[in-house]
Number of protein chains: 2
Amino acid sequence: MQFQLQTVKRRRLHEDIVQQFHALIREGALKQGDRLPAERELAEQFQVSRSSVREAIRSLELQGLVVSRPGAGTFISTETLDSVVTLLASTLNAGTDVLRDAFEMRHLLEPPIAALAAQRATSAEVARLREILEEQQRQIDRGDTGVEADTDFHFALAAATHNAALIKVVSAVEDVLQHSRGQSLEEPGRRQRSLASHRRVLARVAAGDATGAQQAMAHHLAVVEPSGLQALEPTA
Amino acid sequence: MQFQLQTVKRRRLHEDIVQQFHALIREGALKQGDRLPAERELAEQFQVSRSSVREAIRSLELQGLVVSRPGAGTFISTETLDSVVTLLASTLNAGTDVLRDAFEMRHLLEPPIAALAAQRATSAEVARLREILEEQQRQIDRGDTGVEADTDFHFALAAATHNAALIKVVSAVEDVLQHSRGQSLEEPGRRQRSLASHRRVLARVAAGDATGAQQAMAHHLAVVEPSGLQALEPTA
DNA sequence: ATCATCAAATTGGTCTGACCACCGGACAGG
DNA sequence: CCTGTCCGGTGGTCAGACCAATTTGATGAT
């Protein structure tokens, strides 16, 4: 017999406290500039130790919701961008689909990245990309999905833009997608098509053709995108 | 006589510790899955109390860089989007041509974000955008640069895409750019032109015109971009 | 030899009580 | 009225302790 089990989230005390403050701020009970009760007093009210109160305040501070001033107290500070992000995330966080978001982000980023790479890639970087595609061919030949080489290709392409910020974001997105990509590459035909469109991208990059590289990447994404995910073309 | 004084920043211990771990992760000394020394051991190594170590770990955990498991230990976890964004931000602080990279990233992201926002924005979000532009008008009227409202606008637009990943990345980029933006808006004419092009973006978003919104945003960026920064059209 | 079992050691989570540096307002002295 | 001092409250840090969960390895059965 199978039970319908759900992971039991062991809540730590400070997390519980943080959530209570989130609610208070969201409901307007705590407004910009308000002073929180002293840590010792909060500890008594929540019936926890001061350590737990402090860890909670540390979280709130990192989220930009409060600021602590020694000798003065801890104050609500909801003017920053961080705080807006935090509250937004805490309200909508439950049902968001990470995978869909990541696919969408890739759709936005990768084509212009290919264009930038075409303009800036050094010969060494082009050689590196070529190497990766050869490795992908070998992986496919021996029955593998080639997902590692696939990820490497996108990362190396981002590296060729010489933009540190882009590289970091792409590495994050690729990390998230690597698992899912394994599935979409299960169908044998797809592996070859993915490799073929990679080659077209590389050809345009090597030629320094920014526009062509951008289009080739857009086409590649359309090929490898799991069917049913039409992130950029909703019914509007 | 006037002295040239600078504010003294008092650093808290746990902040210092967090920064050291950021560096270790960035340099690759700590990799995915690695286990941190026990809290008691870290306290001894850093010559601080366990409380400070724990507050530092709390920060790292909130940033998605580590996870703690009772009885097991604390482990590096850099697979999530959060973690990369965090490291990105901490890297950018000490970076060199950070500004150029951030501008470039914005160039890539914002136009398609405007398109997505046009397709997905709720009426409440459109109203919020309208509000922000009114606030920007008021700020400019009283002689301010309107940089806060400017940042708010771009953030709210990202929020309207309902893509959590995009929102995070944009918030990171906008954080970096906020300071520089103040300078570029020093010339009075630019403030009005920025506001005017914001309004054109909003009009296309409100109309649900994805293509128009994308073009309007591209135009806006061209207007507010500091001269001399031709991020997307290098000499190739 | 292999595997299941259980107890000890280790670890994160929490609590208590203490000390320090700092801030803010009351208060006394000019 | 202004000024400097004092003192209580506050955050920042520390030390030591106990608990619960997990790991680990020795033990014993198969």
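Residue numbering restarts at 1 for every chain, and letters A, B, ... go by the order of the sequence lines. Just so we're clear, the structure is a prediction, and the values are computed from it rather than from any experiment.
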Would you kindly give the [atom1]-to-[atom2] distance between [X] and [N], to the nearest whole Å?
X: B:D16; N: D:dG12; atom1: CG; atom2: P; result: 15 Å
X: B:R12; N: D:dT13; atom1: CZ; atom2: P; result: 7 Å
X: B:L36; N: C:dG13; atom1: CG; atom2: P; result: 12 Å
X: B:E39; N: D:dG16; atom1: CD; atom2: P; result: 17 Å
X: A:R69; N: C:dA21; atom1: CZ; atom2: P; result: 20 Å
X: A:R50; N: C:dA18; atom1: CZ; atom2: P; result: 13 Å
X: B:I57; N: C:dG13; atom1: CD1; atom2: C1'; result: 12 Å
X: A:R54; N: C:dG17; atom1: CZ; atom2: C1'; result: 15 Å

(request) With DNA chain C as reference, determine whether A:Q47 or B:P37 sits nearer its 5' end, using the nearest nucleotide of each. (result)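 In this pair, the answer is B:P37.
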(message) Closest-nucleotide mapping onto DNA chain C: is B:G73 or A:L13 further toward the 5' terminus? I mean the 5' end.
(response)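 The 5'-side residue here is B:G73.
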Think [X] has a side-chain N or O under 4.0 angstrom from the OP1 or OP2 of [N]?
X: B:S49; N: D:dT13; result: no
X: A:S68; N: D:dT10; result: no
X: B:R58; N: C:dG12; result: no

(request) Pick base, sugar-phosphate or nothing for A:R40, based on heavy-atom distances below 4.0 Å to the nucleic acid. (result) base
(request) Using a heavy-atom cut-off of under 4.0 Å over every strand shown, decide if A:S51 touches base, sugar-phosphate, or nothing. (result) base
(request) Measure from the side-chain heavy atoms of B:S52 and tell me the nearest of D:dC14, C:dT11, D:dG11. (result)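 Looking only at heavy atoms from C-beta outward on B:S52, the closest nucleotide is D:dC14.
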(message) Does atom CD (B:E44) have a neighbourhood of more than 12 heavy atoms from anything else shown, all under 6.0 Å?
(response) no
(message) Can a side-chain donor-acceptor contact be found between B:H22 and B:Q63 if the only test is distance below 3.5 angstrom?
(response) yes
(request) Report yes or no: do B:Q19 and B:E15 form a side-chain donor-acceptor pair below 3.5 Å? (result)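 There is no such pair (donor and acceptor under 3.5 Å, judged by atom type) between the side chains of B:Q19 and B:E15.
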(request) Under the salt bridge (charged side-chain N to carboxylate O under 4.0 Å, His left out) rule, collect the residues that match up with B:E55, sequence neighbours excluded. (result)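 Salt bridge (charged side-chain N to carboxylate O under 4.0 Å, His left out) check on B:E55 returns A:R54, A:R58.
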(message) For a 4.5 angstrom cut-off between non-hydrogen side-chain atoms, does A:E174 reach A:E110?
(response)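 Yes, side chains in contact.
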